[in-house]
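To start, the structure under review is shown below, and the notes come after it.
Residue numbering restarts at 1 for every chain, and letters A, B, ... go by the order of the sequence lines. Remember, predicted model here, so these are calculated numbers, not experimental data. Only heavy atoms go into these numbers, but all of them, side chains included; no hydrogens, no water, no symmetry mates.
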Amino acid sequence: MSKYTWRDLIKINSATDAYSSPLACLAHIDMNAFFAQVEQIRCGYSKDEPVVCVQWSSIIAVSYAARKFNISRMDTIESAMEKCPSLVPIHTAVFKKGENFWQYHDGFGSWSKDPKKQLSPEFYKVSLDPYRRESRKILKIFKEFCDVVEKASVDEVFLDLGRICFQRLMELDSSEREPAVMNFNELKDLFVRGKYDLDSKLPSIPEELKSLKFHGFVFQEENASLTDWDDVIFWLASKYVLEIRTCIQDTLGYSTSCGVARTKMLCKLGSNFKKPDAQVIILNKNINAFLDCGKFDITSFWTLGGLLGKQLVDILNLPSNRSINYIRENWQTPQELTTFITAEIKHTNFIPEHNKSDFERVDILAQKLYDISRGQFVTPLNPKPVVKTMMSNKNMRGKACSSLIDCISWLEVFCGELDSRVKELEREYNKVIMPKTVTVSLRTDKYVSFRKSGPLVHRSRSLNSEDLLKTGIKLITELNTKYNNKQACPNYYPLKNLNLSISNFEIMDIQKTIIDMFGNQTQLSKPDADSPKDSDKKIDDAYSKENAFYCDICEINSASLKEFNEHKDFHIATKLSESLNGTAEDSANLSLGEQRLLFPKKRRDKSNAKSQIKKPASKGNNNIFKYFSK
DNA sequence: TACTCACAG
DNA sequence: GGCTGTGAGTA
């Protein structure tokens, strides 16, 4: 007799409830040294060549080939080169100050001896866009294979394999299956004929299934034998995740690590257990052994990696031998844990400083700890992480941002980045995403920061880089006039940090936005007579008339007289800034944007287009130099 | 809404 | 260690 019921089994066929079934089967898949892999593949190196991904002079991802030389992320390029003279350092793509597109400069980097081949944080900002794009491609494959996918970060996902396993278990057509699997039929027949009670136990697994060979590494058991249906489900899962991982390897070239287990937490520990290019299966009967293997302690778990975890180690007096069984054996119930922690807090006068809320509900914390130590901490997958805010940020070194003009040049970078990130998301969701709030924030000193938010004044129905920039410039100018003076902030420039963020997203169906904007008109009008461009113009005209505080120079609206006046300050400020900064003769080191900004009539350098992966967005007549023209 | 903090990759 | 990002809590 199985220890699982029909209810447990049928539950895994539900996309929403499967995770909570005792027969749940999830996976966590992690890209090995993702950034390094992306660069290795992009540049056509083999996986045996020691590629590292570089940001300025530090290494941010080390391929497994490079790890063989004992190179870690802590190494500088120089020390890594010493360990491995054949090292292949590849710098991330970068935005140049004043430009709203990124590009790769292969062969360039801050490690280069030749100053002309150096990328410096003073003039560039790292772009992570290439990794996001690859991440989306990979995600797309996961979604083809699996109905419930949680994108946990740019290089990792959780999968709920419930439906797949259920269907494969119950599959009617057995022609493609291994002979032993034919015996699933016994279960299937009972199911199909409805000869079961939800609360009755499943039959035992057939003898022939007990010796199936798992795909991948079964923790602690070289020749794991299958004893119950959970094992059979995990066997099916091990086969299926290998298919997924092989597909990703074959179509995109990426190697992955994978953990298969009952809960997200166990999956995550599993995928991290063996790297690279491996899958680890943690059977339910091996959970405790896995947790006690000596590699984990309480701080190994999600959300306990920081201060909270350390505090718990102190309070519970946990041994340093990295073992979870201590908790399991010392506190048999969640209540015992609650009592202990409460007493200990009183006894030691422990005062949690920042994570106060965690200790206000000790019972919840104790329950969590109790479950974690037994591998029973169950959480659902979140298939829809909706964007709340999006930020483009830059820490400024030295004099990277020393004037209002510099600020605007960096804002152009930020707008380019945010615009393309929003477009990417729109493609993924097939929705229109429109932020309603824009925030510019800056730091002049370690502890002195200012910020200003405002509504995004947009003139078309999708986000565009130019409108975003106009709003950003308005905000940065207001900050500049307010704080860049002796009284408010004597050491305003050079800024230490500048960032632009968008928030308050309105997420609309593409179809819906058209109807919202035009009512039934869209359906009635002839396509030729009312082309999209005309429609846009109509909106623009209508919008302009509604707003009294309209700036003819910028073509933007202000919400109030006060705002309008502040906006006018901006024009005065930029003129001033221009007169201070616009006299440089040598424009060789200036970006295209800055050249346009300072020398609008001058012919611009158009070389360097070769290594460009992404085409710059069309500039049209909306160049920001017009702010400075007479 | 503005701001800080914690946590993660 | 530098950098990017998110969510929770607070006032």
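The distance between atom CG of Leu442(A) and atom P of dC3(B), rounded to the nearest whole Å, is 11 Å. Rounded to a whole Å, the CG atom of Asp30(A) is 9 Å from the P atom of dG9(B). Here dA8(B) presents its C1' atom at 17 Å from CZ of Phe34(A), a figure rounded to the nearest Å. Remark: P of dC3(C) and CG of Leu128(A) are 12 Å apart, rounded to the nearest angstrom. In this structure, the NE2 atom of His91(A) is 12 Å from the C1' atom of dG2(C), given to the nearest Å. Rounding to whole angstrom units, CG of residue Leu269(A) and P of dA8(B) are separated by 12 Å. With rounding to whole Å, Phe414(A) atom CZ is found 8 Å from dT4(C) atom P. When the P atom of dG2(C) is taken as reference, atom CZ of Phe35(A) falls 18 Å away, rounded to whole Å.
Checking the phosphate oxygens (OP1, OP2) of dG5(C), no side-chain nitrogen or oxygen of Asn499(A) falls inside 4.0 Å. Contact check, Lys268(A) against dG9(B): a side-chain N or O comes under 4.0 Å of OP1 or OP2. At dG1(C), none of the side-chain N or O atoms of Arg73(A) fall inside 4.0 Å of OP1 or OP2 (strictly under the cut-off). Between Arg421(A) and dG5(C) there is a side-chain polar atom (N or O) within less than 4.0 angstrom of OP1 or OP2. Distances shown here put every side-chain N or O of Ser58(A) at or beyond 4.0 Å from the OP1 or OP2 atom of dC3(C). Contact check, Arg443(A) against dC3(B): no side-chain N or O comes under 4.0 Å of OP1 or OP2.
In this structure, a donor-acceptor pair under 3.5 Å is absent between the side chains of Asp114(A) and Ser112(A). No donor-acceptor contact under 3.5 angstrom links the side chains of Thr439(A) and Arg451(A), judged on distance only. There is no side-chain donor-acceptor pair under 3.5 Å between Ser462(A) and Lys423(A).
In this structure, Phe377(A) places its CZ atom where more than 12 heavy-atom neighbours from other residues, nucleotides or ligands lie under 6.0 Å away. By the 6.0 Å contact criterion, NZ on Lys274(A) is open, its count of non-hydrogen atoms from other residues, nucleotides or ligands being 12 or less.
In this structure, the nucleotide among dA8(B), dG5(C), dA2(B) sitting nearest to the side chain of Trp302(A) is dA8(B). Here the side chain of Ser153(A) is nearest to one of dT4(B), dC7(B), dG9(B), namely dG9(B). Among dG2(C), dT1(B), dC3(B), the nucleotide with an atom closest to any side-chain atom of Ile60(A) is dG2(C). Out of dC7(B), dG2(C), dT4(C), the shortest distance to the side chain of Leu307(A) is found at dC7(B). Across dT1(B), dG9(B), dT4(B), the shortest atom-to-atom separation from the side chain of Arg451(A) is found for dT4(B).
Interatomic distance, Leu139(A) CG to Arg132(A) CZ, rounded to the nearest 0.5 Å: 14.5 Å.
A cation-pi arrangement is found for Lys264(A) relative to Phe158(A), the charged atom lying closer than 6.0 Å to the ring centre and inside a 45° cone about the ring normal.
When heavy atoms are screened at a 4.0 angstrom cut-off, Ser453(A) is found touching the sugar-phosphate backbone but no base atom. When heavy atoms are screened at a 4.0 angstrom cut-off, Phe301(A) is found touching the sugar-phosphate backbone but no base atom. Contacts of Thr389(A) with the nucleic acid, taken as non-hydrogen atoms under 4.0 Å apart, involve only primed sugar atoms and P, OP1 or OP2.
Each of Asn497(A) and Lys388(A) lies near DNA chain C, and the nucleotide nearest Asn497(A) is the one positioned closer to the 5' end.
Remark: of the listed residues Tyr124(A), Tyr104(A), Trp56(A), Trp102(A), Trp56(A) is the sole one forming a ring pair (Phe, Tyr, Trp, His ring centres under 6.0 Å) with His91(A).
Against DNA chain C, the stretch residues 390-398 of chain A makes heavy-atom approaches under 4.0 Å through Met391(A), Asn393(A), Asn395(A), Arg397(A).
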